Amino acid sequence: MAITDYAIAASLLHAEIKAQGVDAVTTVPDLIQFALHDRLKGDPEIRYIECAAENQALTVATGLYIGGKKPMVMMQNQGLFNCINTLRSVGIDARIPMVLSVGAFGREFSNLGKPTTESGRVCLNKVEPVMAALGVPYFHLETADDIGKVAEAFETSRKNECAVVLNIGFFPSWS
Amino acid sequence: MPMNVFEACFVINKIRGEALVVSTMSAMFAASAIAPGPHNLSSVPLMGGASGLGLGLAIAQPTRPVFVFDGDASLLMELGTMAQIAGEAPANLVHFVFNNNTQFGAIANLDRPGGAAFDFCAVARGAGYKTAHSADSIPDLIALKDKILGQPGPHFVELRIMPQPRVLTEMPQPELPDLQFQRMAAEARAMMQHLGTAG
């Protein structure tokens, strides 16, 4: 496969996210999802809120949810490690349904098409095991064939009343 | 005369009206003891989370006042939310910080970073809150009512309160009850029922 085959179109991700009723995004913007950030920030039906740190992206999303909005959270894998305690608090103990779209920062191109657990880099290879240890459901998007996992992630968060990680394995394309 | 956390919460509750209250640390216990109900959301056990929770609520419920009862060390832990609050500028948010220059009040009374010289109001003004006030006493706090209610925010209010006396100098520490770990979930659902945002 060509490298570009791993780039899911941002328009496809945007449409799937909108289909889930998302009307707010809280984020510490990440290096991977630029094209998706661009679309979501430019969507007049979405309140896009830039946060200073990932803990705050989670707490603001929780307040939005309690207040009646349907937020999604965006960050990169390093940020996910940065907010583990807040994730435990709001996404597990407080049982707030939320989907975290997490960019796979630092992924070696040689790892594409393989499990991220086989990456040589800790910020890649420990995301899934750490989420498993916490009991946070994890979905990985490798190519456009995985797009159905977006709806599955949202459905899981609602059904299980918990946080869910949607791991975006490669830069979404600008198309 | 200096005020304590319960006295400050008592006065604020008198002017609360329909406001939602997001609280943490010592103010959380005072707020829920003085005025229990579905308007309360506790950031527990989650030091530093109150300001972000309050910001999200204030954006989602723009016609209802939202009060955040923050701790001084808690706010320092997530100081970046002050930039977000000022940037999003929810007119309905009042951000109180209970400043006793202490952590683990009543248990160990450890110093908090920055000491008494740290100027919370200067940070709030620099961040871009509409107003920033400091109150050292109950009369000071009462006098702020007209400045923070009915005027577009976000407002910041530093409450300089007395540290609670240490009570655990000789006793073993009690076990933390399950309630401490379950109340945020229960209160979130109660507030959603109250607001009509559940299901």
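We name chains A, B, ... by the order of the sequence lines, and we start the count at 1 in each one. Computed from a prediction, not measured in an experiment: that's the story for all the values here.
- For the options B:E88, B:M184, B:M191, heavy-atom pairs under 4.5 Å to chain A are most numerous at B:E88.
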Could you go through residues 18-31 of chain B and list every donor-acceptor pair under 3.5 Å that involves a side-chain atom there, pairing it with any protein atom two or more places apart or in another chain?
from  : atom 1 : to    : atom 2 : distance (Å)
B:T24 : OG1    : B:S43 : O      : 3.0

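- Ranked by heavy-atom pairs under 4.5 Å with chain A, the list B:G56, B:G80, B:G196 is led by B:G56.
- Considering only heavy atoms from C-beta on, B:L75 comes within 4.5 Å of B:F156 through its side chain.
- Ring pair B:F67/B:F96: centre-to-centre distance below 6.0 Å.
- Proximity to chain A is limited to the side chain of B:R189, based on heavy atoms less than 4.5 angstrom apart.
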Ignoring hydrogens and angles, write down the donor-acceptor pairs under 3.5 Å from the side chains of residues 121-134 of chain A, residues two or more places apart or on other chains.
from   : atom 1 : to     : atom 2 : distance (Å)
A:R121 : NH1    : A:G106 : O      : 2.5
A:N125 : ND2    : A:S119 : O      : 2.9
A:N125 : ND2    : A:R121 : O      : 3.3

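- In this structure the side chain of B:M162 never reaches within 4.5 angstrom of the side chain of B:N100, judged on heavy atoms.
- Among the residues in residues 136-157 of chain A, none has a non-hydrogen atom closer than 4.5 angstrom to a non-hydrogen atom of chain B.
- Between A:R88 and A:D93, at least one side-chain nitrogen of the basic residue sits less than 4.0 Å from a carboxylate oxygen of the acidic one, meeting the salt-bridge criterion.
- Among the candidates B:A58, B:A188, B:P45, B:A83, the residue making the largest number of heavy-atom pairs closer than 4.5 Å to chain A is B:P45.
- Between A:Y6 and A:F171, the ring centre distance reaches or exceeds 6.0 Å.
- For A:N82, the side-chain contact (heavy atoms from CB on, under 4.5 Å) partners two or more places apart in sequence, or in a different chain, are A:E54.
- Of the listed residues (A:R158, A:E50, A:E161, A:K69), the one with the most heavy-atom contacts under 4.5 Å to chain B is A:E161.
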